[in-house]
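Letters A, B, ... mirror the listed sequences (proteins, then strands); counts begin at 1.
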Protein chains: 2
Amino acid sequence: MTAPALTPGRLAPAPGLPLYRRIRDQLTAALARGEWRAGEAIPPERALAARFGSSIGTVRKAIDELCAANILVRQQGRGTFVTTHDRDRNLFYFFHVVPEDGPKVYPGVTLLAFTRGRAERDAAERLRIGVGDPILRIRNRLTVATVPVVVDDLTLPAARFPGLTERRFRDRPSTIYNLYQASFGIFVVRTRERLRAVRSDPLMAALLGLRAGAPLLQVRRVAYAYRDEPVEYRVSHIDTAHHEYYAEIDA
Amino acid sequence: MTAPALTPGRLAPAPGLPLYRRIRDQLTAALARGEWRAGEAIPPERALAARFGSSIGTVRKAIDELCAANILVRQQGRGTFVTTHDRDRNLFYFFHVVPEDGPKVYPGVTLLAFTRGRAERDAAERLRIGVGDPILRIRNRLTVATVPVVVDDLTLPAARFPGLTERRFRDRPSTIYNLYQASFGIFVVRTRERLRAVRSDPLMAALLGLRAGAPLLQVRRVAYAYRDEPVEYRVSHIDTAHHEYYAEIDA
DNA sequence: AAGTGGTCTAGACCACCAT
DNA sequence: TGGTGGTCTAGACCACTTA
């Protein structure tokens, strides 16, 4: 005498979806409205199973997907925790520049400029905002062992970052993506990057200590939050004379 | 009265590993020795559960991992199949060059050179063979809409490709990775790439119809088979004047 | 010792595909 | 209609962490 697989009414929305996906979406929604903060544990699986009126295996399958999306992290014997954008994580997932020889290291970051402006067509399209909408522009220079290697030009939709000032940006305690998460509830989940080789213009050459015309790796990255919302457009120029851009592709 | 979780003796090797991983490894081994060929269905889950003396859920978890590694593909109602390196798959997973505007298209491939030689240090290290071991060198030019965009220089460890001739390489029915799979049992599962911006030397410039010194995107890719065995070292030079290299990074 | 996630079972029923 | 993978249950026991 097994109970019917679907117990209607317990979890109302989208009855076409399997239960474990509806539970996953409920968890995502709870995360998005801040029920559990970054670094905190979510309730134990047995408690969640009771809350959603499902079996524990179904809750585990929902959590599995959130772990695969790097939104949650399991720790056996301790609990399941909301991922944080700490230094190590950031280095591992989002910083792809490695020295020609030797291990990856965390770069030094210098803020070169912090200005307000209005979105041009390129940035507006990528951030899915209107041309002329208010934006923030930030320029950083990254150094590895005091040698300048990367210049980052960030474009942020101002509407998503209310009250972000140069001081707040400069005095952030941790990584940039950690600031997005802790201060604005924006959790970067995925990025898409387009790369090309370009000639260095005089400005970039000066910032990186190169001759104009030297080849640079240009990376145009859009960072996305929970529901595929673009939240940052970043153009990087990388001097790959003694560093490389590293990518691992499955399958 | 539930049976004990572990039923010792049924699946001998590595008793420290969970059952579903041992089953996964058994399946991988069966795949590697050709028990089921590319494109064929593996036995149904119920049959595998009987064969391994486990419950169906445990077999499913093993298959889940092989699907995640893109070695198997499930099709509801039909069966579970061994992945093939067909054109679409190859385009999707391994060809990252997209036009500046418009959709990705499959490139035309022209074989420029096919020679035998001995491994230099760089290639030997990356392929984990000895310096001086026999290798095959292959040069291809890729065109998009008749415009040359990429020059690929492949280095293959000759020992892994016995009997591969220029004719056989040129007359392959499908993709290069499909040839590796169908003729040599080498299934490319993952690649690692290192990218940098370089100046075009005179030879590359001539092959791509550019002026020497033009910036090129250089990609050095190592392709790996089942157990992290390197099977191909490929250096690509890409003209990114009107094309881009596209990467998607999770988390 | 108590509490967490991790593995495994045995079986029911659903959704989909081929015939 | 019969066979496949997909979902779900209810519960046992294991492995690990913390107090």
Toward the 5' end of DNA chain D, by each residue's nearest nucleotide, A:Gly77 or A:Arg21: A:Arg21
A:Leu48 CG to C:dG6 C1', straight-line distance once rounded to whole Å: 16 Å
Protein-nucleotide distance (A:Asp64, atom CG; D:dG6, atom P), rounded to Å: 15 Å
Phosphate OP1/OP2 of D:dG5 contacted by B:Thr80 side-chain N/O (<4.0 Å): yes
Ring centroid separation B:Tyr93 to B:His85 under 6.0 Å: no
Polar side chain donor-acceptor pair, A:Tyr224 to A:Glu232, under 3.5 angstrom: no
Interatomic distance where CG belongs to B:Leu72 and C1' belongs to D:dT4 [whole Å]: 15 Å
Atom-pair distance (CZ on B:Arg46; C1' on D:dG6), nearest Å: 10 Å
Nearest-neighbour nucleotide for the A:Leu19 side chain, C:dG5, C:dT9, D:dT9 considered: D:dT9
Length of the CG-C1' vector between B:Leu17 and C:dT7, whole Å: 13 Å
Stretch residues 56-63 of chain A: residues that reach within less than 4.0 Å of DNA chain D through a heavy atom: A:Thr58, A:Lys61
B:Arg234 side chain vs B:Asp152 backbone, donor-acceptor pair below 3.5 Å: no
Rounded distance (Å) that lies between atom P of C:dG11 and atom CD of B:Glu45: 17 Å
Phosphate contact (C:dA18 OP1 or OP2) by B:Arg78 side-chain N/O below 4.0 Å: yes
Candidates C:dG5, C:dT9, D:dC8 - which lies nearest the side chain of A:Arg74: C:dG5
Any residue meeting side chain to side chain donor-acceptor pair (under 3.5 Å) with A:Arg128, in chain and number order, not counting sequence neighbours: none
Any donor-acceptor N or O pair under 3.5 Å, side chains A:Tyr20, A:Asp64: no
Nucleotide D:dT7, atom P - distance to CZ of A:Arg24 in whole Å: 11 Å
Atom pair distance, as rounded to whole Å: CD in B:Gln76 and C1' in C:dA15: 5 Å
Lys NZ or Arg CZ of B:Arg87 over B:Tyr106 ring: under 6.0 Å, within 45°: yes
Donor-acceptor pair between B:Tyr245 and A:Glu193 side chains, under 3.5 angstrom: no
